[in-house]
Structures are given as C-alpha cells and as structure tokens.
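To start, the structure under review is shown below, and the notes come after it.
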Amino acid sequence: MRSYIGRTLKMASVLALVAGSAQAEDVEVLHWWTSGGEAAALNVLKDDLQKEGIGWKDMPVAGGGGQSAMTVLRARVTSGDPPTAVQMLGFDISDWAQQGALAQLDKVAADGNWDAVVPEALQKFSKYDGHWVAVPVNVHSTNWVWSNKKMLADLGIEEPKTWDEFIAAMQKVKDSGKIALAAGGQPWQEATMFDGVVLSVGGPEFYKKAFVDLDPEALGGEQMVESFKRMEQLHSFVDPNFSGRDWNLATAMVINGEAAFQMMGDWAKGEFLRAGKEAEVDFGCFRTPGTADDVTFNADQFAMFKVGEDAQAAQDAMAKAVMSPSFQIAFNTVKGSVPSRTDVSDEEFDACGKKAMAQLKSASENGTLLGSMAHGHADPASVKNAIYDVVTANFNGDYDAETAAKELVKAVSLAQ
Ligand code: BGC
C-alpha cells in the first residue's frame with residue numbers, strides 16, 4: 001500500500017514537472033500594440049500569462065492597422081521561424097490558414113466551449129475549414145467619433161446626430177480658431193474614417209454592396225461619389241500638419257483640448273483612459289453621424305502558428321487564458337474594445353464600453369454588424385490596399401470625388 005502511494009506520488013511529481021516545464025515555455029508574440037493605451041492593455045495580457053507560468057517574448061512592430069507587422073511576419077514565416085502567436089485581423093487569418101501555416105486549437109476550443117460563446121461574425125475568421133486557428137481577443141469598431149466634452153460645452157455645441165449637424169459643429173470649432181478634426185494622414189487612418197462615411201451615406205445595404213460584394217455599380221455610383229465628397233468636407237477641417245501623424249498623437253490633440261473631434265476606432269478610448277480621462281465626462285463617444293444603429297467591427301485575434309511540440313503547451317495555455325471571462329474584462333476595459341464572448345457582463349465597463357456592447361448585440365441581431373473594410377474584415381489585403389490607395393488619393397486632393405469613384409472600380413477589379 002505504502003509503496004503504491006509512494007509510486008503514485010512520484011508519478012504525480014513527474015507529471016507536475018513535465019507540466020511545469022511545458023508551462024515555462026515562452027510565447028513569442030508579434031503585435032502592433034505600441035501606443036500608450038495599447039501597451040497598457042498588452043501588460044494586462046503579459047501579467048496574466050506570467051501568473052500562468054508562461055513567459056513572454058515581445059515582438060512589437062509599430063504601425064496602426066498592422067500593415068508593417070504583416071510585412072515583418074511574412075519574412076519570419078518565409079525564413080521558417082514563425083512567432084508563436086500573431087495579432088491578426090480578419091481575412092489575413094484566413095489567408096495564413098489557407099497556406100497551412102496555422103495550428104489547430106480544436107481541443108482548447110472544445111474544452112472552453114468557444115463555439116457557444118464566440119459570436120458567429122468572429123468565428124468566421126477564427127476558424128478555417130471547421131477548425132479553430134485563432135483566438136479572438138476583443139471586438140473593436142471603427143464608426144466612432146471621439147470628442148472633447150469641455151470644448152464642445154464652451155462653444156455651445158451639442159453632440160451631432162446627422163451629418164449636417166456634424167459639419168456645422170466642426171465649422172463652429174474652426175471659426176473659434178481651434179482645430180475641428182484631429183486626423184493622422186496615413187492611408188489606414190483615412191480608410192478608417194471612410195468606413196463610417198460610406199455607411200453614413202448609403203446605410204448597411206450600400207456598405208455591403210460596395211465593400212463586401214465589390215459591386216462595380218456601388219463602387220462607382222452616386223453614393224460613392226457622395227462619400228468621397230464627404231471625405232473632402234472632412235479634409236477641410238483638419239490642420240495643416242496632419243500628414244503622416246500617428247493616430248495616438250491625433251487622439252492626444254483631443255485629449256489636450258487642441259482639437260474637438262477624432263474619427264477613429266475605439267482603441268482611441270485606450271488613450272483617453274490612460275491620460276486619466278473619464279468616458280462621457282471628459283470625452284464623448286458617438287457613432288459617426290448617420291450610423292447610429294450600425295457597427296463596422298474589427299476583432300483582434302491571435303493567430304497561432306504551427307510551432308514545435310515544445311511550444312505547443314504554452315500556445316494552448318495562452319489561447320485558454322485569452323478566452324477566460326476575467327481576462328476578457330481586465331483587458332478590454334483598458335484596450336477600449338469589448339469582449340469577444342457574448343456571456344460577459346458589461347458591469348465593469350465605462351459608459352462608452354456599455355454603449356459599445358449594447359450596440360454590438362443589437363447590430364448583430366439586426367443584421368447591421370458589418371466587417372470593417374479598413375481593418376481587413378470585408379476583403380482580403382489586396383483589395384483592401386487597393387481601396388486605401390484611392391481613398392488616400394482623394395483625401396489628399398489628387399482625385400476629385402467623381403474621379404475617385406471611377407478609379408475605385410478599376411483598382412478593385414485589378415486587385416481581385
Ligand atoms: C487594431 C487595434 C489597434 C489599432 C491601432 C487596429 O487594426 O485592431 O487593436 O489598436 O489598429 O494600432
């Protein structure tokens with residue numbers, strides 16, 4: 001009996017050692033979360049994994065929207081040395097899965113019942129060929145406007161509900177000598193504004209026809225011309241130094257009271273929070289006027305690459321940790337996004353987060369939850385980049401609205 005117990009204990013400690021050594025494995029994570037708010041959210045993840053005994057090897061590649069990160073990733077995979085986990089968006093995940101580069105997370109997913117708790121719209125990208133290949137960390141969305149509440153109050157400006165009200169509000173700010181619209185002149189940021197603008201001009205049906213179905217009539221038609229005209233209107237409200245400015249520096253202009261508004265995804269909220277500002281007190285969050293019931297979403301996911309067996313345990317442990325409800329709350333309340341699972345309470349989220357969670361739910365029920373074109377949830381990268389080029393050319397005055405709509409049809413057709 002004693003020797004049986006002895007043997008069992010010995011076996012248990014060997015197993016614990018094996019588990020322990022597997023858990024001590026590092027995860028190397030490639031991401032583009034380099035702004036202050038993003039880094040704060042990333043720390044929540046690092047700390048969480050550390051508690052689980054998983055080490056962190058950081059591989060940051062600066063550049064909002066992740067284009068540079070995706071270039072670096074390609075080089076790593078080509079040289080046969082993929083990172084363990086990679087922050088990734090929408091169609092890029094499907095693309096890597098199709099190339100057979102991603103690991104399968106089916107066991108962890110089944111244990112955690114992910115099928116039941118992750119929204120369908122996200123699963124479309126987390127799974128490939130019926131297998132889980134990525135872990136959704138959050139849900140962001142792009143059709144937001146952020147405002148400096150004090151500046152609006154001082155100028156007697158109400159939160160705009162329609163496009164015309166928005167333009168009138170920005171005119172009032174401009175007339176006061178302040179900057180109306182804080183913008184960063186980088187293609188992905190202009191495309192982020194374009195998501196909301198196209199949706200506000202033509203509604204969800206038009207957005208789908210243009211960006212999801214890539215229907216030439218929608219891409220080149222009157223509503224698209226109108227969308228480009230609205231981009232030109234927006235351009236008239238940015239300051240002369242907007243070109244090349246990083247998105248978080250544009251957010252800082254709203255935080256510091258230099259500018260009234262920024263049209264940006266809710267990662268901007270992470271910057272406000274990090275600066276100690278309070279939602280709906282110091283800063284306002286409202287949907288791009290004309291898109292109140294719709295949500296253009298982008299979900300950050302960790303695409304898990306095929307790594308050796310040694311690293312697999314840490315990879316699985318990371319996947320499990322990311323999906324845990326407590327992590328989802330801790331991370332997303334800092335990041336500005338909302339949870340990627342439907343069974344998490346909104347109690348700990350601020351006013352903007354509560355709004356975002358309610359809108360995500362209703363948009364999902366009403367069929368007005370749309371993938372963000374700007375952030376890779378409507379089209380593969382080739383098409384997305386072709387759209388970026390035209391949007392940027394229009395925003396910077398190289399194409400007038402009519403020319404831009406014509407060029408959009410051409411660019412998209414060539415990119416397919
Ligand atoms: C990502 C966000 C990130 C933002 C700016 C988006 O594509 O989904 O997580 O904060 O880019 O870097």
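Counting convention: from 1, in listed order, for ligands and their atoms alike.
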State whether the shortest distance between N or O atoms of [X] and N or O atoms of ligand 1 falls below 3.5 angstrom.
X: G63; result: no
X: W33; result: yes
X: N298; result: yes

Check: T368/D293 side-chain N/O donor and acceptor closer than 3.5 Å: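 No.
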
Is it true that [X] and [Y] make a salt bridge, defined as a side-chain N closer than 4.0 Å to a carboxylate O?
X: K150; Y: D154; result: yes
X: R245; Y: D239; result: yes
X: D115; Y: K127; result: yes

[atom]: which protein heavy atom is closest, and how many Å away?
atom: atom 6 (C) of ligand 1; value: H375 ND1, 3.5 Å
atom: atom 1 (C) of ligand 1; value: D300 OD1, 3.3 Å
atom: atom 3 (C) of ligand 1; value: E38 OE2, 3.1 Å

If we only consider heavy atoms of G66, is any one of them less than 4.0 Å away from an atom in ligand 1?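 Distance cut 4.0 Å: G66 fails for ligand 1.
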
Out of all atoms in ligand 1, which are within 4.0 Å of some heavy atom of [X]? Include the element for each.
X: W247; answer: 5 (C), 12 (O)
X: K335; answer: 2 (C), 3 (C), 9 (O), 10 (O)
X: G64; answer: 5 (C), 12 (O)

Verify the ring-centre separation between F305 and W96: is it less than 6.0 angstrom?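 Yes; F305 has its ring centre under 6.0 Å from that of W96.
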
How close do G244 and Q186 get, heavy atom to heavy atom, and via which atoms?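 In terms of heavy atoms, the two residues are closest at O-NE2, 3.1 Å.
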
For ligand 1, does L89 get within less than 4.0 Å through its side chain, its backbone, both, or neither, judged by non-hydrogen atoms? side chain

Hey, what's the ring geometry for H31 with W56, parallel, tilted or perpendicular (30° and 60° as the breaks)? tilted

Hey, what do you get for CG (D300) to OG (S340), rounding to the nearest 0.5 Å? 10.0 Å

